[in-house]
A.B. asks: 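One structure, pasted below without further comment.
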Amino acid sequence: MAPSAEGKIPLGIAVTQLPVLPKSSGTYNLNERRQKMLEEVDKAKVSWFHVRVVLVAGAGFFTDAYDLFAINIAAVMLGYVYGHNQKLSANQDLGVKVASPVGTVFGQLLFGWLADVFGRKRMYGIEMMLIIVATFGQAMAGQAHAANIIGVLVVWRFILGVGIGGDYPLSSVIPSEFASTRIRGRMMVAVGANQGWGQLAAALTSFVIVSAYKSSLLRDDPLVLPHLDAMWRLLIGLGCVPGAVALYFRLTIPETPRFTVDVERNVRQAARDVDNFLTLGTHNIDPDAVVERVRAPKATKRDFVKFFSKRENLVPLLGMCYSWFAIDVAFYGLGLNTSIILQAIGFGSPSADLKGSQAVYVNLKNISVGNIILSVAGLIPGVWTTFFLVDKWGRIPIQLLGFIMLTILYLIMGFAYHPLTATAAARKVFVFLYCLSNYFSNFGPNSTVGVVPGESFPTRYRSTAFGIAAASGKLGAVVSQVGFGKLVNIGGPNAFVPHLLEIFAFFMLTGAMSTLVLKEGKRLTLEELSNEQQDSFIDESAYNEKSRLA
């Protein structure tokens, strides 16, 4: 395409000081240059840079999980201090637990779209600032005549959820776009594995705090428990620490080469970035460097509708959305209510002869220990099993296996609930099955639902589509949390728990069915999974001898 009579390049090309590039049939062979650059990324050996990306992204998931699941224990502490008869009402308990998942839905949709518009790097860190501010706000929340502390916490936890939601698409898409093909699954699972460590850290932190405050707590007036007010604030507030550590590194992470070349359409900068991070493990932007923009498919409303109106693109997206929705119905329905489950089955409940502050201390200690057991025995082993097998077995077989096993386990725990909770020995069997369900959640869909959308679709829509799928999951978390809160006490305290487990089994079965429409991504490049023609992705007619500027 030649310049206009005034010597200007037509709008959308904007080329300055173009270098002389290899020619092919009279045109600059930009498509081959792009493909060669992406091939270098896809075939790269594991380097310190890859490890750094996993650590930086993983720190976000660690913080997310800590902040989300610490409320599981903190809600019990809040009940002792601010609840009627030392227990939060059903609506109060629901409010503090569901506020973050609701905010997460908004954050995933918003930041997923923003990352595709403005870039992964420009958005990375903003969501962590939200998390830090909201966590600090919770820890400092106060009570007054016009401001009930539970209402204040609900607002802060909603803001926290927006930040956590923003972290999901960014911390998944960035490792995906930097990873080589043969380790992409493991890199993404390793990032997600930090959720298990975050849950364990929340339980361990609770145990340490309860143990540290033991003597003070036992001396407290059992009707006031002033030290318990400090304990829950410390438990929540410590969630700032990993976020603050990760923030600096997030602000220094480079832009992914795929976004640079496919969305910013800057071939030269993308090639320089690939050379830097593969050889030096660093990133450097020269403000005086040549800018080389090309014509490539751009994200527009019309293009978005056109792409996702095709069956081969829409059906997998819907499958990803429902798979994530299904697993989060059970994972968050149970995960945010572990303390209720443990109390319902009488596992570790304080002896009836314990009274006052002693009973409070024993109950909090046992809840903390129970959460530690569930994390160590189920969640963490499950995700690392996925880590070792995801690039060998593939994503779809692992997800399908997990959904099927969860269906069976929830059916057993639901229909055999009363025999399994009748005696101390039977309760141990129930806890074993519960740990096994946590294992197959993470050696299954809870690990893989974040991998599949992160490696599917074109670069210009990858983060947006991931945000849509992830938001569908958190919608499942909201539905399950509201349902759990409203149904659990039908027929008496915690009497509906076995039926909730049976309902979760149904969702696991339907999740297995939705998995069947997904495409396996093992050993395939992101371009092969994009469902777009890559041979002529860049319009090479934009460059010829007449259009080159000196």
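Numbers here are sequence positions counted from 1.
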A.B. asks: Only one of V102, L109, T104 clears side-chain contact (heavy atoms from CB on, under 4.5 Å) with F106; which?
C.D. replies: V102
A.B. asks: Begin with the C-alpha distance, continue with both residues' side-chain angles, and end with the deciding distance and a verdict on salt bridge (Lys or Arg N to Asp or Glu O under 4.0 Å) for E255 and R122.
C.D. replies: CA-CA 8 Å; E255 184 58 84; R122 291 180 67 180; over 6 Å; no
A.B. asks: Determine, step by step, whether I174 and V191 satisfy the side chain to side chain contact (heavy atoms under 4.5 Å, CB included) criterion, reporting the C-alpha distance in whole Å, the side-chain angles of both residues, the deciding distance to 0.1 Å, and the verdict.
C.D. replies: CA-CA 11 Å; I174 287 174; V191 170; over 6 Å; no
A.B. asks: Does the side chain of Y124 pick up a donor-acceptor pair with the side chain of S171 at under 3.5 Å?
C.D. replies: yes
A.B. asks: Are W113 and F466 near enough that their ring centres are under 6.0 Å apart?
C.D. replies: no
A.B. asks: Looking at S100 and R157, what are the two nearest heavy atoms and their distance?
C.D. replies: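 Scanning both residues completely, I find the closest heavy atoms to be OG-O, 3.0 Å.
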A.B. asks: What's the shortest heavy-atom distance between I396 and L518, and which atoms?
C.D. replies: CD1-CB, 3.6 Å
A.B. asks: Looking only at side chains, do S180 and D42 share a donor and an acceptor under 3.5 Å apart?
C.D. replies: no
A.B. asks: Do V261 and M37 touch side chain to side chain, with heavy atoms closer than 4.5 Å?
C.D. replies: yes
A.B. asks: Between R462 and D262, is there a side-chain N and carboxylate O pair less than 4.0 Å apart?
C.D. replies: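 No, no charged N to carboxylate O under 4.0 Å.
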A.B. asks: For the residue pair W384 and F388, does the interplanar ring angle fall in the parallel (under 30°), tilted (30 to 60°) or perpendicular (over 60°) class?
C.D. replies: tilted
A.B. asks: Which atom names give the shortest non-hydrogen contact between M77 and S206, and what distance separates them?
C.D. replies: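 Reported closest heavy-atom pair: CE-OG, 3.9 Å.
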A.B. asks: Considering only heavy atoms from C-beta outward, does the side chain of V517 approach that of P316 to under 4.5 Å?
C.D. replies: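 A side-chain contact is absent here, since even the closest heavy-atom pair is not under 4.5 Å.
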A.B. asks: Measure up the F457 and F307 rings against each other and bin them: parallel (under 30°), tilted (30 to 60°), perpendicular (over 60°).
C.D. replies: perpendicular
A.B. asks: Is it true that, when you exclude F249 itself, more than 12 heavy atoms of the residues, nucleotides or ligands shown sit nearer than 6.0 Å to its CZ?
C.D. replies: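 Result for CZ/F249: open.
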A.B. asks: I'd like to know if R460 and E264 make a salt bridge, using a cut-off of under 4.0 Å between side-chain N and carboxylate O.
C.D. replies: no
A.B. asks: Would you check, one step at a time, whether the test side chain to side chain contact (heavy atoms under 4.5 Å, CB included) holds for Y410 with M508?
C.D. replies: CA-CA 9 Å; Y410 289 143; M508 297 304 97; 3.7 Å; yes
A.B. asks: Can you confirm whether L200 sits close enough to I372 that some side-chain heavy atom of one is under 4.5 Å from a side-chain heavy atom of the other?
C.D. replies: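 They are in contact (side-chain heavy atoms under 4.5 Å apart), so the answer is yes.
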A.B. asks: Sort out for me which residue in K522, R395, R523 forms a salt bridge (Lys or Arg N to Asp or Glu O under 4.0 Å) with E455.
C.D. replies: R395
A.B. asks: Mind checking whether T385 and Y439 have side chains closer than 4.5 Å, heavy atoms only?
C.D. replies: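 When only atoms from C-beta onward are counted, Y439 and T385 do touch, with a gap below 4.5 Å.
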A.B. asks: Using the rule side-chain hydrogen bond (donor to acceptor under 3.5 Å, both in side chains), only one of R258, R120, R184 pairs with E177; which is it?
C.D. replies: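 Of the listed residues R258, R120, R184, the side-chain hydrogen bond (donor to acceptor under 3.5 Å, both in side chains) partner of E177 is R120.
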A.B. asks: Taking all atoms of both residues into account, what is the closest heavy-atom pair of F111 and L170, and its distance?
C.D. replies: CD2-CD1, 4.3 Å
A.B. asks: Between L500 and F484, which heavy-atom pair has the shortest distance, and what is it?
C.D. replies: CD1-CD1, 3.6 Å
A.B. asks: Under 4.0 Å between a side-chain nitrogen and a carboxylate oxygen: does that hold for K474 and D328?
C.D. replies: yes
A.B. asks: When you look at S456 and V452, which way does the side chain to side chain contact (heavy atoms under 4.5 Å, CB included) test go after all the steps?
C.D. replies: CA-CA 6 Å; S456 302; V452 178; 4.1 Å; yes
A.B. asks: Take V263 and D116 through the side chain to side chain contact (heavy atoms under 4.5 Å, CB included) test and state the conclusion after the steps.
C.D. replies: CA-CA 8 Å; V263 179; D116 277 340; 6.0 Å; no
A.B. asks: For the residue pair T510 and Y322, confirm or rule out a side-chain donor-acceptor distance under 3.5 Å.
C.D. replies: yes
A.B. asks: Would you say that V76 contacts L364 through its side chain, given a criterion of any heavy-atom pair below 4.5 Å between the two side chains?
C.D. replies: yes
A.B. asks: Can you find a pair of side-chain heavy atoms, one from Y66 and one from Q199, that are under 4.5 Å apart?
C.D. replies: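 Answer no - side chains too far apart.
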A.B. asks: Does the side chain of L501 come within less than 4.5 Å of L334's, by heavy atoms?
C.D. replies: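 Counting from C-beta outward, L334 and L501 do come under 4.5 Å.
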A.B. asks: Is there a ring-ring contact (aromatic ring centres under 6.0 Å, His included) between F69 and Y332? Walk through the geometry before answering.
C.D. replies: CA-CA 9 Å; F69 290 95; Y332 284 89; 5.5 Å; yes
A.B. asks: Please confirm whether the backbone N or O of L379 pairs with a side-chain atom of N442, one donor and one acceptor, at under 3.5 Å?
C.D. replies: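 Yes; judged by distance alone, with no hydrogens or angles, the pair exists.
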A.B. asks: Among pairs that include at least one residue of residues 165-191, which meet ring-ring contact (aromatic ring centres under 6.0 Å, His included), considering only residues two or more places apart or in two chains?
C.D. replies: F49-F178, F61-Y168, F178-F277
A.B. asks: Could you check P453, S514, P445 and say which one makes a side-chain contact (heavy atoms from CB on, under 4.5 Å) with W324?
C.D. replies: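 Only one option passes, and that is P453.
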A.B. asks: Is there side-chain contact between F207 and N371, with at least one heavy-atom pair below 4.5 Å?
C.D. replies: no
A.B. asks: If you count heavy atoms of other groups shown closer than 6.0 angstrom to CZ of F304, is the number above 12?
C.D. replies: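 Count over threshold, so yes.
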